[in-house]
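We use all heavy atoms of the structure for the numbers below, so side chains are in, but hydrogens, waters and symmetry mates are not.
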Number of protein chains: 2
Amino acid sequence: MDQGQGALTQLRAYLAQRDLPANSRLPAERELCDILGVSRGELRKALAIMEENRELWRHVGKGTFIGSRPVEEFSNIAAIAELTNPREVMQARLLIEPQIAREAALNATAGDVAEMRLCMKMSREAKTWRQYENSDNALHRAVAEATHNTVLVALFDTLNAVRRTVVWGRLRSKVDRPPSDHHSFAEHEALVRAIEERDMEAAGQTMRRHLSHVQGNLLASSQAAE
Amino acid sequence: MDQGQGALTQLRAYLAQRDLPANSRLPAERELCDILGVSRGELRKALAIMEENRELWRHVGKGTFIGSRPVEEFSNIAAIAELTNPREVMQARLLIEPQIAREAALNATAGDVAEMRLCMKMSREAKTWRQYENSDNALHRAVAEATHNTVLVALFDTLNAVRRTVVWGRLRSKVDRPPSDHHSFAEHEALVRAIEERDMEAAGQTMRRHLSHVQGNLLASSQAAE
DNA sequence: TGCCTAACCAATCATATATTGGTTAAATCC
DNA sequence: GGATTTAACCAATATATGATTGGTTAGGCA
């Protein structure tokens, strides 16, 4: 009975002496047995207790590590893109991006707005669809960056990556041509102005209206393809 | 001059004959040289043109592939967690999750609601903080799943993964204790009821209020730590 | 000058070997 | 007899090695 707790005590003493930083790996179980002078079974009991206590985590083939187990990532872009479709992506954009625009209106600096205007200028001067799409992407990302919230930017990037993968997979318009419809230009202008004037409500509304138009165009083109 | 275009023509003919599906790999450059009977330089010119045209993409060590280059992922959970903090994460939750709740109210099935009620039951019966947190997580994820939108679920998972990494990194409450404050229980109940009644406005508002309380608690505990 | 050829480079893949936590069962010890 | 040690084995992972790939450069050649 004392033995069972003894291994844990020895292990704790060993770790306290080293004072290892988080995520650092400690020796393999077989080595620790020799170091601490305990049997592997007792050592594993102690390790199990500390793992249950979230003081360390173990994995076959990897080893034993200080701290809490890292989370598994279901954020694989390609995997998401496989499971979804343009409709879901546009719906997600309609829910997320207006909220980002509202937050951008609150936090945007003069530099952020200048960046947005530069993107708009480039999109107006675009000679090919590819250039236009790049500028459009850059503008939307500039809005996300204007929130000055790393998590929101990361979420936007994820959503954007999924969008590009899915859309490109479906309709492959090889013909590069300048955009004929200029409805986006006016909407972008209104969006940036709302952000500049710190009008959260207008920023959100404008973004929502803009994405609704994009959604409508996407729907129309898919119908035309049928 | 005819030679330069000739390699491209031959390559196009070769690809048209095979009619390879997207993302499929085509032979290595050195093999293609023999197959098409052109020099590697000419072949690479043709490949460069088609790559510029987004008809294929190449990468050292991998090969040459049909279609457009897959997007790079900035969705590394650990990387995001390194750059952010609990405040940004809570802010992002306050912007995203109410929108998800609204959408859930529109699309939830009876099975979805039953799943939510099960999560609530488990959270009420939780004996430790860990159990409570797991049930709470499961409930919020059930709401996301009720949107029946793969992209929204994936974004929620990403946000949730970042949240757990960041929060766990900061405050490590080793002491497992049952939750003393029951304010979340009533809020969860109201949230699920709003979703069940398809009241988008109430669902969004309830989720926002709930997260505001969570944010308040997090702020209070961090102040207490100082 | 323009093209071909060959060689080389760094990134990546493919394969084999070693290591690690997890498990089981016989041996051993009070 | 029950608990513990010990050894062997397993699947997952890491590590090391060699082959392959796109990218690049330099010399030969027409």
Original post:
Is B/Asn107 reaching over with its side chain to a backbone N or O of B/Ala146, donor-acceptor style, under 3.5 angstrom?
Top reply: no
**OP:** Fit a plane to each ring of B/His140 and B/His188, take the angle between them on a 0 to 90° scale, and name the class: parallel (under 30°), tilted (30 to 60°) or perpendicular (over 60°).
**Re:** perpendicular
Original post:
In whole angstroms, how far is the C1' atom of C/dC4 from the CG atom of B/Leu36?
Top reply: 16 Å
Review item, nucleotides 20-26 of chain C N/O atoms under 3.5 Å of protein N/O:
| unit_1 | atom_1 | unit_2 | atom_2 | d |
| --- | --- | --- | --- | --- |
| C/dT20 | OP1 | A/Arg25 | NH2 | 3.4 |
| C/dT20 | O2 | A/Gly61 | N | 3.0 |
| C/dG21 | OP1 | A/Thr64 | N | 3.3 |
| C/dG21 | OP1 | A/Thr64 | OG1 | 3.1 |
| C/dG21 | OP2 | A/Glu29 | N | 2.8 |
| C/dG21 | N7 | A/Arg30 | NH1 | 3.0 |
| C/dG21 | O6 | A/Arg30 | NH2 | 2.9 |
| C/dG22 | OP2 | A/Arg44 | NH1 | 2.7 |
| C/dG22 | OP2 | A/Arg44 | NH2 | 3.2 |
| C/dG22 | OP2 | A/Arg58 | NE | 3.4 |
| C/dG22 | OP2 | A/Arg58 | NH1 | 3.0 |
| C/dG22 | N7 | A/Arg40 | NH2 | 2.7 |
| C/dG22 | O6 | A/Arg30 | NH2 | 3.1 |
| C/dG22 | O6 | A/Arg40 | NH1 | 3.0 |
| C/dG22 | O6 | A/Arg40 | NH2 | 3.4 |
| C/dT23 | O4 | A/Arg40 | NH1 | 3.4 |

Original post:
Please give, in whole Å, the distance from D/dT6 P to A/Leu43 CG?
Top reply: 13 Å
Original post:
What integer distance in Å separates A/Asp34:CG from D/dA7:C1'?
Top reply: 14 Å
**OP:** Verify side-chain hydrogen bond (donor to acceptor under 3.5 Å, both in side chains) between A/Asn137 and A/Arg163, making sure each step is shown before the conclusion.
**Re:** CA-CA 11 Å; A/Asn137 276 342; A/Arg163 185 193 117 249; 3.3 Å; yes
Original post:
Strictly by modelled atom types, are B/Gln215 and B/Gln91 linked by a side-chain donor-acceptor pair under 3.5 Å?
Top reply: no
**OP:** Of all the heavy-atom pairs spanning A/Leu43 and A/Ala7, show the shortest one and how long it is.
**Re:** N-CB, 4.4 Å
